[in-house]
Amino acid sequence: MGARILVVEDNPDNMKLIEYLLRAHGYQPILALGGEEGIALARAERPDLILMDLQMPGIDGFRATAAIRQTAPQQRIVAVTAFAMVGDRDRVVSAGFDGYITKPLDPTSFIDQVNAYLPAVKTEPSRDVRTPR
Ligand code: MN
């Protein structure tokens, strides 16, 4: 089975796009529409990777990530963000994320970006239709 990926995202359109792309490539998305739900699902599901939106009402992506790391310090968490503000990039790096994917999402490169943060055993090369054999 493909990797189990928890998506924490408050924007329904972004969520739909991410869910579609992950499913199309054989991954199993787990969806959380906010930080609080994201923390609960991270603890309950122990996903292979978390894609974390930063700007969310209530518990934002920084606080959710800090809370998740308290009980699961090795959890892979990647920020998904538009870097709207000067200094955001530095803040994301210093907050201890494993990396970041920038918005607006690029559907053609999104899965490659996700794969870069997964252990090789969890990626699905057999589904890579771009490589003719
Ligand atoms: Mn958001």
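First listed ligand is number 1; within each ligand, the first listed atom is number 1.
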Q: Can you sort out the partners of Lys16 under salt bridge (charged side-chain N to carboxylate O under 4.0 Å, His left out), two or more places apart, ordered by chain and number?
A: none

Q) Can a salt bridge be assigned to the pair Arg69 and Asp98 using a cut-off of 4.0 Å between side-chain N and carboxylate O? A) yes

Q | Sequence-distant partners of Tyr100, ring pair (Phe, Tyr, Trp, His ring centres under 6.0 Å), two or more places apart | A | Phe83

Q) Mind checking whether Val114 and Leu49 have side chains closer than 4.5 Å, heavy atoms only? A) yes

Q: Report, as a single number, the protein N, O or S atoms less than 2.8 Å from the Mn ion (ligand 1).
A: 3

Q) Which pairs with one or both residues in residues 32-47 pass side-chain hydrogen bond (donor to acceptor under 3.5 Å, both in side chains), sequence neighbours excluded? A) Arg4-Glu45, Arg43-Thr71

Q: Take Asp106 and Ser109, measure what side chain to side chain donor-acceptor pair (under 3.5 Å) needs, and give me the verdict at the end.
A: CA-CA 6 Å; Asp106 175 6; Ser109 67; 3.1 Å; yes

